[in-house]
Amino acid sequence: MASGEFQPLQGMSDIYAPEIYLWRMIEARARDLFARYGYEELRTPSLEKLSVFKRSIGDTTDVVQKEMYAFEDRGGREIALRPEGTAGTIRHLAGRGAEGLNARVFYIAPMFRCERPQAGRKRQFHQVGVEDTGEPNPLADAECIALQQHLLEEWGLTGSNIQISTRGMPSDRQAVADGLRNALQPYLGELCDDCQRRINENVLRVIDCKNEMCQKIVDRIPSAVDFMSDESRQYLETVIQSLENMGIKADVNPKLVRGLDYYVHTVWEITHDALGAQNAIAGGGRYEIALGKKAIPGVGFAMGMERVITSLEACGITAGQFAPKGGIWLVSLGEEAVAENMKLARELRGKGIRCSMELEAKSMKAQMRKADSAGAEKVIIRGEDEIEKQTLTIKDMGQGTQEEIQLSNLWKILD
RNA sequence: GUGAUUGUAGCUCAGUUGGUUAGAGCGCCUGGUUGUGGUCCAGGAAGUCGCGGGUUCGAGUCCCGUCUUUCACCCCA
C-alpha cells in the first residue's frame, strides 16, 4: 500500500487498472442507455456557492451541517464541494429558464462528503445520476425507476431490491409529524435514548431506528403514509400501478425515510445484500427545488458507483473481463528492426490496430514473454533476415503457428 | 464527531517470551548456447518494517503520539 507522501487523502483513492476497466464499462453502458431514454449529459463544476446546497438539500440536514467540505475561498466567498448532484443540476437548469423546466439530463461525476470512511463510503465517491424536470406526472417517477432498473440490467447486476414509499406533499408534513408523535406518545418511555430526542427533532427518524424495541413499537402504530392526504396516497398508488404494468417489482416500504429536504411524493431506494451496513446502491425521488422565485419540480436518482462495483463483484463480474485484449506485438531483433518496427507500429495504430513493442532490442524470449502476458493475438517478428528479404514472420499466439509473408502483403492478411 | 481495528518487498502474508546481515509464495527481471510465449528448472533485483518520539546494552516486536486501513454508530449513494 502507498504510504506517507504517496498516499492520497483519507477516504480518497486512486482508481487504476485493472479496476478502471470496470468503471469504464459502467460509464459506457450508462451513457449508451441514457441516450436511448433521451437524456443529455450535463457537467457542472465540483464547487458551488454554499447557498446552492443549503437551499436545496436543506440547511438543517446532516449532509449540509456535518458532511460538506465547505470553506471560504481567497476572496472570502462561501463555497463547497458538491456532496450530491441534484443541487448543482437544478442550479444550472434554473438558469436556463423555460428550457430548464423541460429537461432530461444525466451526470457521472465525483461527489465529496467529509465523513468517517467505512464499507461503501468514501470521502470522494462517484455517482451516476439523472434528473427529469418539469414533468409533474407520477408516470415520470415510474419511468425513472424503470430506467434505473434497466441500467442495473445493462451492467449485469442481479440480486438488488427496490423499495418505494412516499414523502407526501409539503402540506402533509405537519399532519404526519403530529400523527406519529401522538401515536408514539403511549410508548414514550420504551423508546431508545436517541429516539427520545428524535421524537421532537425529527420524528421520521424514529421510523427507521435500528433499535429492536423501537422497531416493535413502530410496527404497532400507523405508518407515516397513513397520515397523508388522499392525493398523496393516490400519487404513490399511480406510481406503483405503473411499475406493475411494466413488470417491475418494487416493495412498498412505508418505513423508508429519505433525509434530504427537497423530496416530495415518491422516494425510493435500491439495496443489495453484498454491501454491509451501507446497503443502498441507489436512491431517488421526486423533488421540488426553489433557488429563485420559481420552484423546479423534477424526479431523479443517483447511484453510488463504488457500491455498484462492490455489488457487481459479488455477482462474479470482474474488472479482468473488460480488460483490453488482442492486438499485435512487434518483436524486433536488432537495432535496425526496432527502427523499422517503430515505423510499422505507427502505421498499424493509424489503421486502428492495437499494437505494442519493446523499444530496447531485448532477447527474443523476453519479447515473446511480454507479448504473451499482454495477451497479444498475433506477433510480428522482424530480424535481419526479414528486413533483408522485405518480409515479416507473423505468428498466431493462440494456434502457435507462424508463416513468413511479404511485407507488401501485410495489409491484405490483416483484413 | 464517537467507539473499535489495521499498517513488514509491486501483491498476499510469516516473523516465536524484544537478541546477529528481516523471510516465504505470487509477480517482476535474467538465463537454460545461433531468432520463439504459455509449463518446467536455475539465478537475480527489490523492504524508509506507515511516520515521529520514548523505554532498553539492543525494538519489526514494548509505551506514547500521529497518519492510514477496515468495521460499526450517525447519516447517506
Side-chain angles (χ1 to χ4, degrees), chain A residues 1-13 16 18 57-58 61-68 83-86 109-129 148 192-194 197-198 202 205 208-211 256-260 268-272 275-285 300-311 329 331-334 337 360-387 393-402 404:
Chain A
M1 197 220 317
S3 63
E5 290 296 307
F6 309 114
Q7 210 162 30
L9 289 171
Q10 182 177 34
M12 308 205 174
S13 46
Y16 53 99
I57 299 167
T61 56
D62 280 8
V63 169
V64 167
Q65 286 203 324
K66 308 189 341 203
E67 298 164 9
M68 265 204 305
E84 53 89 89
T86 303
M111 305 295 163
F112 306 86
R113 288 183 200 176
C114 195
E115 305 172 82
R116 276 284 262 277
Q118 74 183 78
R121 172 192 288 167
K122 303 231 119 202
R123 288 185 166 180
Q124 173 173 337
F125 60 104
H126 300 78
Q127 287 188 334
V128 26
Q148 193 170 206
C192 73
D193 292 347
D194 285 331
R197 177 174 52 79
R198 287 182 183 128
N202 193 350
R205 286 285 163 221
D208 68 347
C209 177
K210 282 170 187 160
N211 184 294
L256 184 67
V257 175
R258 309 255 77 207
L260 311 187
W268 70 88
E269 204 169 271
I270 297 185
T271 58
H272 198 280
L275 291 174
Q278 317 303 319
N279 66 349
I281 56 178
F301 66 73
M303 315 183 85
M305 295 174 74
E306 284 82 357
R307 293 185 189 178
V308 167
I309 285 171
T310 305
S311 308
W329 195 277
V331 168
S332 330
L333 300 163
E360 243 173 292
K362 288 190 178 178
S363 74
M364 182 149 192
K365 183 180 212 142
Q367 294 187 61
M368 289 300 291
R369 277 181 179 158
K370 264 266 165 67
D372 185 58
S373 68
E377 210 176 313
K378 289 187 169 70
V379 166
I380 288 176
I381 302 164
R382 290 173 111 185
E384 286 169 21
D385 295 355
E386 284 87 352
I387 288 171
T393 296
I394 180 161
K395 175 165 185 170
D396 183 306
M397 292 296 272
Q399 308 271 316
T401 57
Q402 68 182 47
E404 194 170 343

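Everything numeric here is computed off the predicted structure, so don't read it as measured data.
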Are any of [X]'s side-chain N or O atoms less than 4.0 Å away from OP1 or OP2 of [N]?
X: A/Q127; N: B/A77; value: no
X: A/S363; N: B/G31; value: yes
X: A/R258; N: B/A77; value: yes
X: A/R123; N: B/A77; value: no
X: A/K122; N: B/A77; value: no
X: A/Q7; N: B/U68; value: no

Starting at the 5' end of RNA chain B, which residue's closest nucleotide do you reach first, A/E384 or A/P83?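 Checking each residue's closest nucleotide, the 5'-ward one belongs to A/E384.
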Report yes or no: does A/E360 contribute a side-chain atom to a donor-acceptor pair with the main-chain N or O of A/K362 at less than 3.5 Å?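 Such a contact is absent between A/E360 side chain and A/K362 backbone.
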Regarding [N], can its base be found pairing with the side chain of [X] as donor and acceptor, where the two atoms are less than 3.5 Å apart?
X: A/R116; N: B/C73; result: no
X: A/D372; N: B/G37; result: yes
X: A/K395; N: B/U36; result: yes
X: A/E67; N: B/C74; result: no
X: A/E115; N: B/C74; result: no

Please classify the nucleic acid contact of [X] as base, sugar-phosphate, or nothing, using heavy-atom distances under 4.0 Å.
X: A/K378; value: nothing
X: A/E386; value: base
X: A/Q278; value: base
X: A/G11; value: sugar-phosphate
X: A/I270; value: nothing
X: A/L333; value: base
X: A/R382; value: nothing
X: A/E306; value: nothing
X: A/A376; value: nothing
X: A/R121; value: base
X: A/Q367; value: nothing
X: A/M303; value: nothing
X: A/G129; value: nothing
X: A/A371; value: nothing

Nearest non-hydrogen partners of A/R382 and A/A337, listed with the distance: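 That would be O-CB, 3.3 Å.
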Which whole number of Å gives the distance between the [atom1] atom of [N] and that of [M]?
N: B/A24; M: B/G1; atom1: C1'; value: 42 Å
N: B/U39; M: B/C29; atom1: P; value: 13 Å
N: B/G54; M: B/U61; atom1: P; value: 14 Å
N: B/A46; M: B/G65; atom1: C1'; value: 32 Å
N: B/U5; M: B/A72; atom1: C1'; value: 11 Å
N: B/C71; M: B/U12; atom1: P; value: 15 Å

Tell me the partner of [N], counting only Watson-Crick (N1-N3 plus N6-O4 or O6-N4) or G-U wobble (N1-O2 and O6-N3) with both under 3.5 Å; none if nothing fits.
N: B/U66; value: B/G50
N: B/A45; value: none
N: B/U17; value: none
N: B/C74; value: none

Rounded to the nearest 0.5 Å, what separation is found between the CG atom of A/L275 and the CD atom of A/E306?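 Interatomic distance, A/L275 CG to A/E306 CD, rounded to 0.5 Å: 11.5 Å.
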What nucleotide, of B/C74, B/A77, B/U36, holds the atom closest to the side chain of A/M368?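 Of B/C74, B/A77, B/U36, B/U36 is nearest to the side chain of A/M368.
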Salt bridge between A/E115 and A/R121, side-chain N to carboxylate O under 4.0 Å?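 Yes.
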